*Asks:* 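Can you read through this structure? Questions will come right after.
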Amino acid sequence: MGYDAMQSSETVAEIMRRSVVCDMTLPWSKPYMIDEDVTLPRFKKAGIDFISLTVNISKNPLAATMSHIAMVKAHIRARPELVFAATPEEVVAAKQQGRLALGLHFQGTEPLDGDVELVQSYYDLGVRHMLLAYNLKNAAGDGCIERTDAGLSKFGVRLVREMNRVGMLVDGSHTGYRTTMDAMEICEGPFIFSHSNADAVVPHYRNIKDDQIRGAARSGGLVGVNGVNEFLGDRHAASETMFRHIEHIVNLVGIDHVGIGLDYVRDVKAIWDWIQRDRDLWPQPDAQEQPYPAHAQPEQVAELVDIMLGHGYSPDDIGKVLGGNFLRVMAAARDGRAA
């Protein structure tokens, strides 16, 4: 709206420089974690300042996850261009230093091994958000593809309360509808969907309904729009399609409750092979329509900024979507209050 190409490019670059750009979801365990010395610099070059890494391991989850966290932190310490960040202040400081800040999260509660007291231990290691369930039923509740929709278990109730106590964000991505609604009823801090899209835009088992979005907003939380083509409803995972989901959430609950969780994967063939092997975890997609799952690329964040500008979003509001909202919600969870 009124920008020529050069002016638009300069404005996008300035907004990216002024904003703290946060990606709430980057899977970071094999088969995802290949060429880490290529992927992380690419994110930094694309203007991303903070990435939350998925670090839980599904097999032998407690011991394997602890070992993986140690390996990831050693990798960060060995590279001066990277820094581990567990607070909003540390993320902001990293941007000022020109370093890429990295944090941790879990996609599922299996690393707890049934012990809610481990929430504090993982928080002390820097884990700042945790999904309640990953597609399938677990001790906390149902996943989004379960044949039942049984809701939050008694263990899940204790878990949400303990996460609130220590300041870890409760995350409803991949989790069953009723489980998330139950969790939001008792959650005393901000509730997030770190990488979920709008079911009203594209009906899909991995997308969330409007009342889930409203529940997250009421808690002071947010929804991070992801870039997986199947969930976007666009086999090319175009930036314009991601914006449709952002726009829906903004129109529904306001600019303060949306962010970015790209869920980027470099080796898409490895992920496709995994999906085909595990028919319980992933309903079989149409191979003719979707030979591989495509993912939005980190460079598309700047494209999103340009699209938001073209739709009349102010630079300050764009900064909220890019990362300001997530930093606010991190602080609110830590400080024990609604954002």
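All values derive from a computational prediction rather than experimental measurement.
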*Asks:* State which residue, out of Leu131, Ile145, Thr180, Leu132, fulfils the side chain to side chain contact (heavy atoms under 4.5 Å, CB included) condition with His174.
*Replies:* Leu131
*Asks:* Any heavy-atom pair between the side chains of Thr54 and Leu26 that's under 4.5 Å?
*Replies:* no
*Asks:* Between the side chains of Tyr123 and Arg165, is a donor N or O closer than 3.5 angstrom to an acceptor N or O?
*Replies:* no
*Asks:* So do Val127 and Phe106 actually touch side chain to side chain, heavy atoms under 4.5 Å?
*Replies:* yes
*Asks:* Going by the rule ring-ring contact (aromatic ring centres under 6.0 Å, His included), which residues pair with His105 if we only count those two or more places apart in sequence or in a different chain?
*Replies:* His129
*Asks:* Taking Asn229 for the side chain and Ala237 for the main chain, is one N or O donor matched with an acceptor at less than 3.5 Å?
*Replies:* no
*Asks:* Hydrophobic cluster membership, with links at side-chain heavy-atom distances under 4.5 Å among I/L/V/M/F/W/Y: are Val83 and Phe43 in one?
*Replies:* no
*Asks:* May I ask whether Val223 and Met181 are part of the same hydrophobic cluster, defined by side-chain heavy atoms of I, L, V, M, F, W, Y residues being less than 4.5 angstrom apart, directly or through others?
*Replies:* yes
*Asks:* Give, for atom CD1 of Ile48 and atom CD1 of Ile51, the distance between the pair rounded to the nearest 0.5 Å.
*Replies:* 7.0 Å
*Asks:* Given the rule that I, L, V, M, F, W and Y join up when any side-chain heavy atoms are under 4.5 Å apart, are Leu125 and Val119 in one cluster?
*Replies:* yes
*Asks:* Specify the closest pair of heavy atoms between Gly151 and Asp182, including all atoms of both residues, with the distance to one decimal.
*Replies:* CA-OD2, 3.4 Å
*Asks:* Has the side chain of Ser194 got a donor or acceptor atom that lies under 3.5 Å from a matching backbone atom of Met24?
*Replies:* no
*Asks:* Taking transitive links into account, so neighbours of neighbours count too, which hydrophobic residues share a cluster with Val201 at under 4.5 Å side-chain distance?
*Replies:* Val202
*Asks:* Is any side-chain heavy atom of Leu136 closer than 4.5 Å to a side-chain heavy atom of Glu146?
*Replies:* yes
*Asks:* Apply side chain to side chain donor-acceptor pair (under 3.5 Å) to the pair Thr65 and Asn56, showing each step before the final yes or no.
*Replies:* CA-CA 5 Å; Thr65 297; Asn56 58 295; 5.8 Å; no
*Asks:* Any side-chain heavy-atom pair from Arg18 and Asp316 closer than 4.5 angstrom?
*Replies:* yes
*Asks:* State, yes or no, whether a side-chain contact exists between Val20 and Val91 at a heavy-atom distance under 4.5 Å.
*Replies:* yes
*Asks:* Ignoring hydrogens and angles, tell me if any N or O in the side chain of Ser19 forms a donor-acceptor pair with the backbone of Met16 under 3.5 Å.
*Replies:* no
*Asks:* Identify, with sequence neighbours excluded, every residue that meets ring-ring contact (aromatic ring centres under 6.0 Å, His included) alongside Phe243.
*Replies:* His311, Tyr313
*Asks:* Side chains of Ser196 and Ser173: is there a donor and an acceptor less than 3.5 Å apart?
*Replies:* yes
*Asks:* Less than 4.0 Å between a side-chain N and a carboxylate O, is that true for Glu185 and Arg218?
*Replies:* no
*Asks:* Any idea which heavy atoms bring Ala332 and Pro190 closest together, and the distance?
*Replies:* CB-CG, 4.1 Å
*Asks:* Quick one: do the Asp142 and Thr148 side chains pair a donor with an acceptor below 3.5 Å?
*Replies:* yes
*Asks:* Please check if the side chain of Asn164 supplies one atom and the backbone of Glu188 the other of a donor-acceptor pair under 3.5 Å.
*Replies:* yes
*Asks:* Quick check: does any side chain N or O of His236 sit under 3.5 Å from a backbone N or O of Ala238, one acting as donor and the other as acceptor?
*Replies:* no
*Asks:* Flag the pair Phe50 / Glu90 as yes when at least one side-chain heavy-atom distance between them is below 4.5 Å, and no otherwise.
*Replies:* no
*Asks:* Given 3.5 Å as the limit, does a donor-acceptor pair link the side chain of Asn325 with the main chain of Ile255, or not?
*Replies:* yes
*Asks:* Determine yes or no for a side-chain-to-main-chain donor-acceptor pair under 3.5 angstrom, with Glu230 supplying the side chain and Val228 the backbone.
*Replies:* no
*Asks:* Could you check whether any side-chain N or O of Ser219 sits under 3.5 Å from a backbone N or O of Phe191, counting only pairs where one atom can act as donor and the other as acceptor?
*Replies:* yes
*Asks:* Report the C-alpha distance between Arg334 and Glu89 in whole Å, list the side-chain angles of each, state the deciding distance to 0.1 Å, and finish with yes or no for salt bridge (Lys or Arg N to Asp or Glu O under 4.0 Å).
*Replies:* CA-CA 12 Å; Arg334 175 195 62 194; Glu89 294 80 9; 2.8 Å; yes
*Asks:* Supply the atom-to-atom distance Leu309 CG to Ser314 OG, rounded to the nearest 0.5 angstrom.
*Replies:* 9.0 Å
*Asks:* Roughly how far, to the nearest 0.5 Å, is the NZ atom of Lys59 from the CD1 atom of Ile57?
*Replies:* 11.0 Å
*Asks:* His195 and side chain to side chain donor-acceptor pair (under 3.5 Å): which single residue from Thr25, Asn226, Asp171, Asp23 fits?
*Replies:* Thr25
*Asks:* Under a 3.5 Å threshold, yes or no: a donor from one side chain and an acceptor from the other, between Arg79 and His75?
*Replies:* yes
*Asks:* Can you find a pair of side-chain heavy atoms, one from Asp317 and one from Val321, that are under 4.5 Å apart?
*Replies:* no
*Asks:* Go through the steps for Tyr122 and Arg128 under the test side chain to side chain donor-acceptor pair (under 3.5 Å), then give the verdict.
*Replies:* CA-CA 8 Å; Tyr122 285 125; Arg128 288 297 179 264; over 6 Å; no
*Asks:* Any side-chain heavy atom of Asp263 within less than 4.5 Å of one from Pro27?
*Replies:* yes
*Asks:* Determine yes or no for a side-chain-to-main-chain donor-acceptor pair under 3.5 angstrom, with Lys209 supplying the side chain and Tyr177 the backbone.
*Replies:* no
*Asks:* Output the distance between atom NE2 (His245) and atom CZ (Phe231), rounded to the nearest 0.5 Å.
*Replies:* 11.0 Å
*Asks:* For the side chain of Arg99 and the backbone of Leu82, is there at least one donor-acceptor N/O pair under 3.5 Å apart?
*Replies:* yes
*Asks:* Could you tell me whether Arg77 sits above the aromatic face of Phe84, with NZ or CZ closer than 6.0 angstrom to the six-membered ring centre and within 45 degrees of the axis?
*Replies:* no
